[in-house]
Structures are given as C-alpha cells and as structure tokens.
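Structure, as structure tokens:
Here is how names work: the chains are called A, B, and so on, in the same order as the sequence lines, proteins then strands, and each is numbered from 1. Computed from a prediction, not measured in an experiment: that's the story for all the values here.
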Number of protein chains: 2
Amino acid sequence: MGRDSSRQSGARTGGEEGADTPETLRLAQDQFIACWGKMGSAWGISRTMAEVHALLFITGEPLCTDDIMERLQISRGNASMSIRALLDWGVVARAHRRGDRKEYFTAEQDVWAMFRAVVRERMKREADPTLASLYEIRDLTASVEDATRRTKRAKQPPVDSAEADLMARVGEHNKRLDDMLKFFETVQSLTERFVSPSGRGLQIAATILGKAAS
Amino acid sequence: MGRDSSRQSGARTGGEEGADTPETLRLAQDQFIACWGKMGSAWGISRTMAEVHALLFITGEPLCTDDIMERLQISRGNASMSIRALLDWGVVARAHRRGDRKEYFTAEQDVWAMFRAVVRERMKREADPTLASLYEIRDLTASVEDATRRTKRAKQPPVDSAEADLMARVGEHNKRLDDMLKFFETVQSLTERFVSPSGRGLQIAATILGKAAS
DNA sequence: CTGTTGTTTCAGAAATGATTGAAAACAACA
DNA sequence: TGTTGTTTTCAATCATTTCTGAAACAACAG
C-alpha cells in the first residue's frame, strides 16, 4: 500500500510483470537499507552507519563518498564519519580506481566474515572493559571475605548477629559476582575461539550444533 | 584515587583493612550498577532499565519501587516503566510480602537463564521482524529473476547488453540477499534450539564447544 | 462509600546522541 | 611551491530518547 505499482511503463526488460526492473531493483535496495538501518539502531549502532554499510553491501560495488551522500541524502561530514567507523570495524575496505583520485569503498561480501568482524569488535569495545570492571569490583569485596574467613578460623563465635548477617551478605554478593564473571569468561573464550579474525570457526560450530541438536 | 580510604572508622567487623565493610559493599554494588548500566546502553537497552536490573541482581533481595527510586535516584515514573519492561523481558519477577500491599521485585539469579531470556526477547523483537522484511525484499526481485530465466529459455540471445548487465545485477543482488537470509535463518534456528525457554542448552553447547575447540 | 496506599500513564522538560556545513588539513600533482 | 580536488574535523544545530512529576487509576480497609 501507499505505492501505485501499475503506474510505471519504463523499458520492459523481457519479464512480464508490471513494474520495470531498474526501479524494482532500486526499491529493493532502498528497503534493504532501511531494514538494516532499523536493525542497527536497535543494537546501538548509529542508523546512518548501518545504512552506509547496507548500501555498500547490497550494491556490491565500490562507491565513493559522493555516491553515498547522494544516495543516502546525508552530509559529507556524516558520510566521512560513518565510512571511517566502518573501516575501523573492518567491515568495509578502501578501493581505488586507476586515474581517479577519489577513494572508493566496498563492503565485505561474506556474511559470516562480516558477522565475525562485528562480534569481534563489539567484544573488544564492550565485553572486555566490562570484564575488567567486574574484576575490579570483585577485588573490592574479596578482601572483606578473606578477612572474615581468617577471623572465623581464629575464634569460632561471630561477634554479633548483625555482623554475621553482613558477612553472609558479602558472601552472597561475591557469589553473584563470581557467577557473572564466570559467565563472561566463558562467553569471551568461546568468541575468541570461534569468532577469531582468521578462521571461519563460528560457521563450522553452527553446523556442528545444528546437527548435534537434532 | 579520588576517595580517601583512611578516613573511615566505622564498626570494625573482624577484618583488618581500612574501609568498613557496609560501606565497601555499598560501593561495590554501586560500581556494579554503573558498569551494568554502561554495558546496557551500549547494547541499546536504556541505561536506567539496566541499572534497575543490576540493583535487583546484585542485592539479590526483593525491593519495592520506593527502594529502587531511592537507591537509584530516579523518578517514580521512570522506576515503574523500567520495572515493567524488565518484567516483560522476563528477567525480573514480582514478589509479595505477607501483610504488605506493596509489590516487591526480584531479579533472576541464574546468569545463564538471564542471558537466555535476554537473547530470546531480543530475537523476538529484532531478528524476527528483520527476517520478515528480508523475505519481503527478496520477493520484490525474485519474480524479475524468474522472468529472466523464462525469457532466456525461450530465445537464447539477450536483447541487448545493457539489459544483460541489469539482469546480472539482479542476479547478484538476489545472491546477496539469499546469503543474508540464510545467515539469519541459521542464527535463528540455533538460538531457537539453544536459547529455548526451557532448557539450558546454551550452557551445554558452550561446554561442548569449549572442549571441541582444544 | 470514602480514605489510604500503591501503581501506571503521559505531556512536557532535560539529556543525550546524531547531523550538518564550512573551514582546516591533507594529498597528488605540475 | 602553488593549485586542485578530496577528506577530516568540529562547533552549532537538530532529532531522538529518556526522564520527570503530577494526575488518573486500581486495590483494598475501615
């Protein structure tokens, strides 16, 4: 709805449907770009950055900054920033044309490689710092617990019930942190193995798991 | 730095370190909450919602709306919204105390269960709609390609080279979409199996993969 | 029924994040 | 070294999201 599909009458390209092909292709690309942009922003990636990536991916050919600006209707600054970020993420590469000073850009075409790059980058940026913080936080109360243990060994009866309660809380707190830490460690070591820059381990893992689950 | 750790002189609780324990515990909780909030917002979850969850998780005991407002210094409306969202996500549950009309809330304490709930919910909200859109987009150009094939079979020579080029583009476009689609399908079926509401499949999978990788 | 306690909603305020555009920096070349 | 075309940067602006606070609502006790 909202689009009159019987209006077109461009060059018929050998098919027998109503819309002409170049326009349909363009429409499909636009929808893909929109879809990708929406998904990106849901996952904390700027919509434009996702759209630029979508454009490069779906057209599959090298585009220059101006092409991107024009097609996405964004400013030069925005385009430049987004491209730079995509390069940093490793999902887009520079390309050059002979006799042209402009830089062109292409998106990684292997979907699994793309996925690996994204996960790798996000792990590096978010999971690793989080893990580091968790360790620090754990250190804050680790010593308290140690002290308690030492005290307990020395003289059996807890000094008073309020204090015993507090120690119990600290113990539980530490247990929760440890669980969390263990979880992150597991996830991290898994991704390090299977989302590693070189291999295509994840894809293999997916296949194995797909079979194992039946 | 930034915190004078030799200032405290509260009830010594059996340890021999400088800070008193209740304060240290509180500090550790606050840092955990901040850390969790930061990570949440990086992944497209509102910071407050993540913080509320962190608070419930790290204290481990049922808290009411006022407790949360007070501890996190947020408004009643915000607290209410965040709690509601966490309930929807299934990572927080209602609890009641006898003879108390207030509602209390507790966080899922099993980190893996928590993780499953989050992934499940996000899949439902983002991956599923994306997949649906991708199918629609694929349908746009699928018919074009079909038509081309039929034409080709009927009369061998392409009408002109521009048209042949266009058809090649459509073919590549469809290939890219199919790859994408295939990828999403794989991911979806994997998560359906291993992040399913009931089982703790992911954890098992993690163990298997951890071993398989060595 | 009415007062009390607790929860939800929602219009606007505040905060945060994205985008622009123009100037500065840069790179290639003559 | 100057010229030209291209990319990057960044303060100002704009858009979006999040948060607040007060009012509406719901559940219950007396």
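Comparing C:dT20, D:dT20, C:dG6 by their nearest atom to the side chain of B:Asn78 picks out D:dT20. The side chain of A:Arg84 sits closest to D:dT9 out of D:dT9, C:dT9, D:dT4. Counting only heavy atoms from C-beta on, B:Met81 has its side chain closest to C:dC10 among D:dT7, C:dC10, C:dT7.
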Reading 5' to 3' and counting Watson-Crick or G-U wobble pairs with both distances under 3.5 Å, write the dot-bracket notation for DNA chain C, | for bases paired outside the strand.
||||||||||||||||||||||||||||||

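A 6.0 Å sphere centred on CD of A:Glu70 holds no more than 12 heavy atoms belonging to other residues, nucleotides or ligands.
B:Phe115 and B:Trp112 have perpendicular rings, their planes meeting at more than 60° on a 0 to 90° scale where under 30° would count as parallel.
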Going through the distances and angles, do A:Glu172 and A:Arg169 end up as a salt bridge (charged side-chain N to carboxylate O under 4.0 Å, His left out)?
CA-CA 5 Å; A:Glu172 285 162 27; A:Arg169 282 169 184 283; over 6 Å; no

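Remark: the backbone N or O of A:Gly171 is not paired with any side-chain donor or acceptor of A:Asn174 at under 3.5 angstrom. Between the A:Thr130 side chain and the A:Glu126 main chain, a donor and an acceptor come within less than 3.5 Å of each other.
Here the CZ atom belonging to B:Arg84 is positioned 10.5 Å from the CZ atom belonging to B:Phe105, to the nearest 0.5 angstrom.
The residue A:Arg76 sits close to a base: some heavy atom pair falls under 4.0 Å. Residue A:Ile74 is in sugar-phosphate contact alone, with no base atom involved, counting any heavy-atom pair closer than 4.0 Å across all strands shown.
The stretch residues 31-59 of chain B touches DNA chain D through B:Ser46, B:Arg47, B:Thr48, each having a heavy atom under 4.0 angstrom from the strand.
One can place CD of A:Gln73 at 18 Å from P of D:dC14, the figure rounded to the nearest angstrom. A:Leu86 has its CG atom 15 Å from the P atom of D:dT7, to the nearest Å. Atom-to-atom, CD of A:Glu103 to C1' of D:dT8 comes out at 11 Å; the value is rounded to the nearest Å.
Between A:Lys124 and A:Glu121, at least one side-chain N (NZ, or NE/NH1/NH2) sits under 4.0 Å from a carboxylate O, which counts as a salt bridge.
Distances shorter than 4.0 Å separate none of the side-chain N or O atoms of B:Ser75 from OP1 or OP2 on D:dG21.
The side-chain heavy atoms of A:Arg176 and B:Gln109, taken from C-beta on, include a pair separated by under 4.5 Å.
Applying the 3.5 Å distance criterion, the base of C:dT5 shares a donor-acceptor pair with the side chain of B:Arg101.
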